[in-house]
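A short write-up of the structure that comes next.
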Amino acid sequence: MYRDKTCGELRLSDAGKHVTLSGWVQRTRKLGGMTFVALRDRYGITQVVFNQEKDGALFDAANALGREYVVQMTGIVAERESKNSNMPTGEIEIIADGIKVLNKSEVPPFTIEDDTDGGDDLRMKFRYLDLRRNCVKKNLELRHRMAFEIRRYLDSKGFLEIETPILVKSTPEGARDFVVPSRMNPGEFYALPQSPQLFKQLLMVSGYDRYFQIAKCFRDEDLRADRQPEFTQIDCEMSFVEQEDVIEMFEGLVKHIFKYVKNIDFTEPFQRMTWNDAMRLYGSDKPDLRFGMQFVELTDLVKGKGFSVMDNAELTVGICAPGCADYTRKQLDQLTDFVKRPQTGAKGLVWVKIEPDGSIKSTVGKFFSEDELKDWAKRMNANPGDLLLIMSGDKMKVRKQLCDLRLEMGERLGLRDKNVFAPLWVIDFPLFEWDEETQRYYAMHHPFTSPNPEDIPLLDSDTGNVRATAYDIVVNGTELGGGSIRIHDSKLQDKMFELLGFTPERAHEQFGFLMNAFKYGAPPHGGLALGFDRFVSILAGLDTIRDVIAFPKNNSGRDVMNESPSPIDDSQLEELNLTVTLPKEK
Ligand code: ASP
């Protein structure tokens, strides 16, 4: 028997018991004739004491231990003299009477502490050691708890968890596919699923009216921001539902998770906002509602006063930063630099200070009278002491730029508290998105999303303004997930493919199996998928999903621990009928 207790469970009430623990040596501390070993396992840390006077040989053995040695220790639980209230086991220690080294360890390349000395790259290379750290382990425990509660909730609602294939057909709509060569079918490839979308729709045709899956998805995208080439979705689909049914069911799921995992009760329905309003008021389809600072449009007030930047702009729009009129020149210059950085790409920033005495200071005093600027302030509901930050340009671009600035101001003013959660449904997304480069429409969500029935007559005449029956759930400025009511009528689906520029032949080649299935009684259906990694990271208060994935990839899509991707043997290539041509070195 290696152990009868864990390193996290002994309390004062256990005093006097003889116990056996196994774990890793966190640290040893020598104090006169005593050596204290902090023994760690998944459950916590327990202090084990070795007394030179009591047993010299045992004392020497304890002093010979190195960090991260795997050891078994036995002894009697005793009350500690100097208690440590920061540790759950801090009231006791083990007076050792035995020690056995189960395995030695080399000195780890970084300390196994929350506050480690190891940099990112090093920790990823030795991820198995990184995973020993409490702060990383906590995230995986949270992930487990959430997966468990998701299954509990969905099971209680009659959902069946059904696995769908990982080797699927490549359908180049959407992101780029990862592909897998087929040895048995020379020259042919599977793709890894970007999501189980088509399979879950087929399951609806098969009558499994409530499906879910905690599903691995794969997308070969450039890994900007917070992306991983493989990630996990809580993928769901339901039959005989309308948008309202889906929203209600999964709002229930999100509330369940917050309640049972975070002990946070959302008693009110989540806020809802149309895509149009989200863009107009926050410049984003995933607004962070933990704070206000809504956009206020000023275009009509600013034109025709000889300030060409505003005269020529499609949109002039601003936010009012409360209490920021005391910003120094340097701080204002920083904000201007912020909006000019390449990621944001604005040309400049206009500011107007409403001084505490009500007088106005601004960068555009040359073009606008004090009264005119006061009109701006009035429209923006500004009070003395506030700062107006205003930008001009093409509508969509300037909204995105001001959105960046709004988030930055929220950050600066401490309004983006990680312990505050502001969930929101964004609804009424456009069905299509125009792409200038390829001069064609793309599906904003995916080609199976149903148009809003009211807008079906506009499909040909006003394509760009047709609304989808699609919805996203957003928490704190992050898209947690999204979905839609699907098209279940094959004629409408054909029309959709036509508008997306598919010839009937190509549509058939790629999605023929779905279109065929739809000939055999497809029920009305809809669903959504939530980003599981993201959901965990939001609840963990983390900025990146990498920290909630046991073995993540780095920004170049590499696993630096096992050094993949990697070349394969010539014999493997031959078997697969593949020849590799490497790009020429530049
Ligand atoms: N399959 C979709 C996605 O991955 C989600 C859905 O529509 O259910 O975004």
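Whatever order the structure lists ligands and atoms in, that order sets their numbers, starting from 1.
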Open item on the list: Does K255 qualify as a cation-pi partner of F270, given the criterion of NZ or CZ under 6.0 Å from the six-membered ring centre and within 45 degrees of its axis?
Closed with: yes

Open item on the list: Test of understanding: with ring-ring contact (aromatic ring centres under 6.0 Å, His included), list the residues that count as partners of F218, not counting sequence neighbours.
Closed with: none

TODO: Report yes or no: is the cationic atom of R440 (NZ for Lys, CZ for Arg) under 6.0 Å from the centre of the six-membered ring of Y442, at an angle within 45° of the ring normal?
DONE: yes

Open item on the list: N263: which residues meet the side-chain contact (heavy atoms from CB on, under 4.5 Å) condition with it, sequence neighbours left out?
Closed with: none

Task: Axial cation check for F291 ring with R406, 6.0 Å and 45° limits - done: yes

Open item on the list: Just to be sure I understand the cut-off, which residues have at least one non-hydrogen atom under 4.0 angstrom from an atom of ligand 1?
Closed with: S195, Q197, K200, R219, Q233, H445, H446, G482, G483, R486, L528, A529

Task: side-chain contact (heavy atoms from CB on, under 4.5 Å) partners for T463, two or more places apart - done: F432, Y441, L499

